[in-house]
Amino acid sequence: MSGGDRKRLEDTTRYHPAEVEARVFSEWLEGGYFHPAAEGTPEENFSVAIPPPNVTGALHMGHALNGSMQDALVRMNRMRGRNTLWILGTDHAGIATQAVVEKDLRAEGRTRQELGREAFVERVWRWKEEYGSRIVEQYKRLGASCDYERERFTLDEGYVKAVYRVFKQLYDKGYIYRDFYMVNWDPGSRSAISDLEVENREVEDALYSIDYPVEGSERVLTVATVRPETMLADTAVAVNPEDERHADLVGRHCLLPLVGRRLPIVADEHVDPEFGTGALKITPGHDPNDFEIGRKHGLEEIVVIGPDGRLTEQAGRFAGLTAAEAQRAVVAALREEGRLRAEEPYTHSVPFSHRSGERIEPLISLQWFCRMDELAQPAIAAAQRDEVRIVPGQWKRVYLDWMREIRPWCVSRQLWWGHRIPVWYCDACEETYVAEAAPERCGACGGELRQEEDVLDTWFSSAIWPFATLGWPDQTPELRAFYPTSFLTTAREILFLWVARMIMTGIEFPGAVPFRDVYVHSVIQARDGRRMSKSLGTGIDPLQEIDVHGADALRFGLLAMSSTQDVRFSDAKVQQGSDLANKLWNASRLVLLNVAEVEPAPRPVAVEDRWMLSRLERTIASVTGKLENYDFAHAVQEAYAFFWRDLCDWYLEIVKPRLYEREEEVSATLLHVLERVLALLHPTMPFVTEEIWSFHPARRGHLAVHPFPVADEGLFDEAAEAEVEAGIGLTQRLRAWRDLADVPAGSVLAAVLDGVSPPDFVGRLARFDIADAMAGAGPDPVASVGPVRVLPSADLDAEAVAGRLEARRRELDAEVERAERKLANRGFVAKAPAEVVEEERAKLTRYRSELEELS
RNA sequence: GGGCGCGUAGCUCAGUGGGAGAGCGCUCGCUUCACACGCGAGAGGUCGCUGGUUCGAAACCAGCCGCGCCCACCA
């Protein structure tokens with residue numbers, strides 16, 4: 001260690017992450033450790049594709065948690081010497097990004113329509129160039145060891161090529177088709193969205209009952225609806241075929257109030273005879289159920305609500321009104337005509353757009369769809385055969401249930417920002433061309449071609465992320481070396497939206513599942529248990545946490561609080577991480593500033609050395625196993641407990657005298673232990689461990705590429721563990737005894753030993769001067785703690801000692817009674833495993849003998 | 001309507017058949033030469049309720065109460 005380094009270590013009594021992290025990160029980048037050569041096979045390599053954040057996004061707690069988990073495994077495998085690639089990139093996020101830029105435009109008093117498509121898209125690109133790298137920089141703050149030199153974007157030239165190839169192939173297979181169909185229309189983004197982007201919310205509406213007169217009769221059929229304005233698009237009335245009340249009406253017609261259209265009365269079992277009067281108005285153009293019924297009965301499909309959420313020309317005198325205005329107007333008109341029979345409050349669930357938050361307007365429109373059944377089959381089989389392992393296991397069933405019920409996917413979006421659908425139409429002869437590149441002219445008539453206006457759903461391009469980022473469809477070295485990837489971590493909310501689709505496309509295109517494991521992690525909620533969300537104002541900014549506590553602290557905290565169930569964000573866990581970083585720093589100072597100049601090596605001379613080495617190796621085995629099984633919370637908490645309790649509280653305190661004497665054996669052992677602890681913790685706390693490592697005399701290169709420790713079972717030592725644990729137990733009992741007997745903290749009490757001698761450290765750490773029992777002479781002990789007989793002294797308050805003895809006696813009485821009762825139970829003795837009974841007997845013996853000592 | 005999960009110390013959470021745990025908070029004592037973001041010692045819980053299985057239940061089973069999430073086309 002240089003003089004400067006020594007001075008810095010001596011002077012810096014607290015770890016300051018802010019002074020370390022940026023410097024250390026740039027060293028890693030300069031080292032090129034995160035940029036592997038495209039060599040080797042996927043089996044021997046390790047690769048992960050990051051869930052691509054939106055280019056519009058800022059790092060939120062979900063990214064931070066997800067990133068901490070991925071980085072832990074990525075770093076561990078890199079340290080194991082595997083060629084490791086963590087693919088980084090961003091998602092163009094069609095709706096979100098377009099919305100952001102449109103908002104900017106509006107602030108300037110302009111619209112995208114005024115600008116025109118080309119100029120608008122140009123403008124979004126400029127926005128992306130300026131702000132799109134923000135989230136990438138934020139991942140660096142977290143310490144994420146992604147390959148920043150291979151950053152990808154879903155609208156990269158190469159990526160677009162992959163998207164078009166996929167579209168074309170699915171079209172050629174007949175999976176992709178265009179159809180007039182019922183879609184979820186989002187008036188907010190003025191686009192169709194998929195079923196998965198819709199969320200249902202409970203809403204209080206009014207339920208209106210409306211009389212529809214039966215043609216050529218005095219009778220009326222009363223229908224109930226929460227959306228009276230859609231009656232303008234009614235094309236039938238349905239009753240249940242079993243419903244005798246209306247049986248004679250089937251085949252006749254109703255007259256639609258306000259409009260006058262003749263509506264056939266049809267029979268359909270979908271109608272619940274128990275609900276209302278048992279008659280259902282059928283609006284195939286604006287209700288998903290009615291759409292199904294309409295197609296079944298060949299009913300006319302009328303659309304009265306347009307893409308802007310306003311009534312169309314089809315709505316006659318109501319044209320131009322918004323849906324809400326139209327509802328009031330229709331209700332008023334019905335009331336005037338005496339057709340409104342009832343209006344009552346009604347709570348039901350209503351679809352809302354997950355993108356814009358607006359209420360979904362179901363309507364029929366011309367869209368592109370992808371049939372999913374065929375793609376789903378092999379993806380179901382892959383999960384069933386555990387070729388893709390979904391952990392925790394309960395999510396496998398959720399995945400399978402959804403896949404088995406999978407429905408066609410509406411892939412077209414009425415946006416400008418995205419992959420423009422690679423379809424060209426000839427207006428002259430109505431030919432359609434699907435191609436990866438624009439055809440020159442119509443092959444049939446030579447006419448001009450016009451490209452489809454719509455773009456693809458953002459998730460269509462994310463669905464091919466793991467292989468499109470590696471250069472597919474070209475057989476690139478990257479694809480050969482790193483596909484399939486090793487695992488995926490994800491929040492469950494995108495299990496269907498993203499994960500399932502990647503599995504389907506992975507099998508269909510490169511021909512292999514895209515990752516071996518899918519780890520579905522928990523959700524970190526706000527401190528009060530609500531969702532963290534920008535709109536609720538409940539979000540906690542990970543960057544601010546990093547500013548205050550450091551990236552290591554946040555990473556530790558997130559991993560420690562994560563588990564299989566959702567948890568509230570815990571400031572205490574982040575603080576625990578911060579405390580741990582500081583403790584690592586200080587414990588390392590103690591070692592590094594005091595050791596002799598020796599090579600690190602396990603050189604045990606005392607039982608506590610063997611104990612420490614045994615505990616270290618066991619911890620390495622256990623923590624490693626937990627990381628490999630995605631049990632991050634227990635992994636980091638176990639590492640914490642080992643380091644803090646075993647290493648700092650006990651081992652360092654025990655060996656301090658030897659360390660201060662510069663004993664070579666303990667110096668070598670301590671350097672060895674420190675090296676392994678730093679390496680073990682590096683995947684979860686990379687900055688502080690790398691920084692400390694820079695002071696370690698054995699350092700040859702960065703810790704980021706230092707070998708990850710492999711547990712040496714040869715150092716496991718049960719006997720040493722038992723002996724030292726007993727010594728620790730005795731030390732604690734002696735300290736407790738002192739405390740409760742009101743002994744001054746600093747005083748050293750005299751004692752003699754009677755029985756098996758404990759490890760040497762006990763007397764020093766408990767502040768007892770323990771001599772071997774001398775035959776005969778000497779004062780009578782005032783108390784016994786295990787084999788230690790406490791001798792009288794000026795620092796001992798007789799009354800306090802007596803009180804302490806009495807308290808201990810009561811404790812032992814209770815224990816003896818409990819054990820006796822248990823052993824008196826014949827069922828226990830007969831049926832419990834022998835070792836359990838034996839253990840109980842041993843305890844009883846111990847308690848009785850201690851009680852005897854006290855009396 | 002179906003499915004999944006949760007209810008353990010003041011708070012946030014571990015713990016899946018053999019004597020209730022962690023971190024934070026709280027109390028008491030320590031400027032002990034790595035760290036006061038520290039050290040030592042404590043207090044604090046009839047493990048949501050009721051039954052059952054078992055020699056033994058926080059854990060397994062059933063029912064109930066409370067809470068959360070996902071899926072679902074009943075107006």
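Note that the structure is predicted; figures quoted are calculated from it, not measured. In what follows, chains carry the letters A, B, and so on, assigned in the order in which the sequence lines appear, proteins first and then strands, with residues in each chain numbered from 1.
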Shortest non-hydrogen contact between A:Leu590 and A:Leu659, atoms and distance: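 Closest heavy-atom pair between A:Leu590 and A:Leu659: O-CD2, 3.8 Å.
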So, for A:Gly727 and A:Val762, which heavy atoms are closest and what is the spacing to 0.1 Å?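 Nearest pair, atom of A:Gly727 first, then A:Val762: O-CG2, 3.5 Å.
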Does any nucleotide pair with [N] by Watson-Crick or G-U wobble geometry, both distances under 3.5 Å, and what is it?
{"N": "B:rC73", "result": "none"}
{"N": "B:rU32", "result": "none"}
{"N": "B:rC6", "result": "B:rG66"}
{"N": "B:rU54", "result": "none"}
{"N": "B:rA14", "result": "none"}

Considering only the [atom1] atoms, how many Å lie between [N] and [M], rounded to the nearest integer?
{"N": "B:rG48", "M": "B:rU16", "atom1": "P", "value": "15 Å"}
{"N": "B:rC30", "M": "B:rG45", "atom1": "C1'", "value": "29 Å"}
{"N": "B:rU32", "M": "B:rU46", "atom1": "P", "value": "39 Å"}
{"N": "B:rA14", "M": "B:rC47", "atom1": "C1'", "value": "13 Å"}
{"N": "B:rG56", "M": "B:rG63", "atom1": "P", "value": "23 Å"}
{"N": "B:rC70", "M": "B:rG23", "atom1": "P", "value": "34 Å"}

Please determine, for the side chain of [X], which listed nucleotide ([options]) has the closest atom?
{"X": "A:Arg735", "options": "B:rG40, B:rU32, B:rC55", "value": "B:rG40"}
{"X": "A:Phe496", "options": "B:rA22, B:rC71, B:rC35", "value": "B:rC71"}
{"X": "A:Ala745", "options": "B:rA34, B:rG29, B:rC13", "value": "B:rG29"}
{"X": "A:Phe828", "options": "B:rG5, B:rC13, B:rC55", "value": "B:rC55"}
{"X": "A:Tyr640", "options": "B:rC70, B:rC55, B:rG23", "value": "B:rG23"}
{"X": "A:Arg492", "options": "B:rA41, B:rC69, B:rC24", "value": "B:rC69"}

Respond yes when some side-chain nitrogen or oxygen of [X] is under 4.0 Å from OP1 or OP2 of [N], and no when none is.
{"X": "A:Lys831", "N": "B:rG17", "result": "no"}
{"X": "A:Arg397", "N": "B:rC4", "result": "yes"}
{"X": "A:Ser563", "N": "B:rA14", "result": "yes"}
{"X": "A:Lys583", "N": "B:rA34", "result": "no"}
{"X": "A:Trp644", "N": "B:rA34", "result": "no"}
{"X": "A:Gln565", "N": "B:rA14", "result": "yes"}
{"X": "A:Arg407", "N": "B:rC73", "result": "yes"}

Using a 4.0 Å heavy-atom cut-off, does [X] contact any base of the nucleic acid, only the sugar-phosphate backbone, or nothing at all?
{"X": "A:Asn582", "result": "base"}
{"X": "A:Lys822", "result": "sugar-phosphate"}
{"X": "A:His634", "result": "sugar-phosphate"}
{"X": "A:Asp649", "result": "sugar-phosphate"}
{"X": "A:Pro362", "result": "nothing"}

Less than 6.0 angstrom separating the ring centers of A:Phe352 and A:His354, yes or no?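 No - the distance between ring centres of A:Phe352 and A:His354 does not fall below the 6.0 Å cut-off.
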Step by step, work out the salt bridge (Lys or Arg N to Asp or Glu O under 4.0 Å) result for A:Asp528 and A:Arg568. CA-CA 7 Å; A:Asp528 60 4; A:Arg568 299 173 183 209; over 6 Å; no
Start with the C-alpha distance between A:Phe291 and A:Tyr181, add both sets of side-chain angles, then the distance that settles ring-ring contact (aromatic ring centres under 6.0 Å, His included), and finish with yes or no. CA-CA 9 Å; A:Phe291 176 78; A:Tyr181 208 81; 4.8 Å; yes
Distance-only polar pair, side chains of A:Asp566 and A:Ser522, donor-acceptor under 3.5 Å: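 Not at all, the side chains of A:Asp566 and A:Ser522 share no donor-acceptor pair under 3.5 Å.
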Side chain to side chain, A:Val677 and A:Thr619, heavy atoms closer than 4.5 Å: no
